[in-house]
Novice: 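Mind looking over this structure? Questions follow.
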Amino acid sequence: GAGVSQSPSNKVTEKGKDVELRCDPISGHTALYWYRQRLGQGLEFLIYFQGNSAPDKSGLPSDRFSAERTGESVSTLTIQRTQQEDSAVYLCASSYTGTGNQPQHFGDGTRLSIL
Amino acid sequence: AQSVTQPDIHITVSEGASLELRCNYSYGATPYLFWYVQSPGQGLQLLLKYFSGDTLVQGIKGFEAEFKRSQSSFNLRKPSVHWSDAAEYFCAVGGRVGDTGRRALTFGSGTRLQVQP
């Protein structure tokens, strides 16, 4: 597809369960970002992948959160032992490079609801 | 560290009226500046960007923004608002951030625009 694709679009799960969110970036984009957006709030940076470099995990809120990316393709964000405060929209973005002067292209997000 | 402030959380304008959304940034060097729009249930769409050169930049959907270095501002404007412009608007600055010096965007907290008929 032409844009960033995220799946699932909605996820409802019980507290304590693990969830896995997927992001398929635009082909050829070397940089990939995950953000969290709580209801009515701005974007909170989670993690950043740039090519084959070690990811920048400085935004991950706890060790329950982890993410992987295979080469310059699909990324998965995993949240273990989910808590109610994890309820949010998780947005993925990709850019051609990670130089900071490239616009980021966003997916439509995964809306995660923890019961 | 870079930061972005959008002082208006919520703005309501009448359809056909002009619009200005404020954005102030903090960054030690020449910033890369962006405006994004987010419609309900969707991701963010790029409206326009400023890297260098002409300080007045044109974007999609009739939006424009002006970079004012002396005021550290990058305000978004539209001469005549349409009902379909109702959405959340985010200003962002790009560059090196945090202790790791990673290159990424820092977003403001957003301004929600309501359009009255």
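Residue numbers begin at 1 in each chain, while the letters A, B, ... track the order of the sequences. Predicted model, so just to flag it, every value in this text is computed and none were measured.
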Novice: Would you say CG of A:L39 has more than 12 non-hydrogen atoms from neighbouring residues, nucleotides or ligands within 6.0 angstrom?
Specialist: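 Open: at most 12 neighbouring heavy atoms sit under 6.0 Å from CG of A:L39.
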Novice: For residues 106-115 of chain A, tabulate all N or O donor-acceptor pairs below 3.5 Å that involve a side-chain atom, not counting sequence neighbours.
Specialist:
{"from": "A:D108", "atom 1": "OD1", "to": "B:G43", "atom 2": "N", "distance (Å)": "3.3"}
{"from": "A:T110", "atom 1": "OG1", "to": "A:P8", "atom 2": "O", "distance (Å)": "2.5"}

Novice: Between A:P103 and B:F34, what is the shortest heavy-atom contact and its length?
Specialist: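 Heavy atoms of A:P103 and B:F34 come nearest at CA-CE2, 3.6 Å.
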Novice: Tell me whether the count of non-hydrogen atoms from other residues, nucleotides or ligands lying under 6.0 Å of CD in A:E85 goes above 12.
Specialist: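 More than 12 within 6.0 Å, yes.
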Novice: Quick check on ring pair (Phe, Tyr, Trp, His ring centres under 6.0 Å): which of A:F45, A:Y35, A:Y33 does B:F107 satisfy it with?
Specialist: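 It is A:Y35, the one option of A:F45, A:Y35, A:Y33 that forms the ring pair (Phe, Tyr, Trp, His ring centres under 6.0 Å) with B:F107.
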Novice: Taking atom CG of A:L43 and atom CG of B:L105, what is their separation to the nearest 0.5 Å?
Specialist: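 Nearest 0.5 Å value for the CG-CG distance: 9.5 Å.
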Novice: Between B:Y36 (side chain) and A:Q104 (backbone), is there a donor-acceptor pair under 3.5 Å?
Specialist: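 Here the side-chain-to-backbone pair exists.
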Novice: Does any pair with a residue in residues 69-80 of chain B pass salt bridge (Lys or Arg N to Asp or Glu O under 4.0 Å), and if so which ones, sequence neighbours excluded?
Specialist: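 Qualifying pairs, neighbours excluded: B:E64-B:R77, B:E66-B:R77, B:K78-B:D85.
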Novice: So for B:L44, is it side chain, backbone, both, or neither that comes closer than 4.5 Å to the heavy atoms of chain A?
Specialist: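 It is both, since atoms from each part get that close.
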Novice: Take atom CD in B:E20; do more than 12 heavy atoms of anything else shown fall under 6.0 Å from it?
Specialist: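 For B:E20, atom CD is crowded (more than 12 foreign heavy atoms under 6.0 Å).
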Novice: To the nearest 0.5 Å, how far apart are CD in A:Q37 and CD in B:Q38?
Specialist: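 Output value for this atom pair is 4.0 Å.
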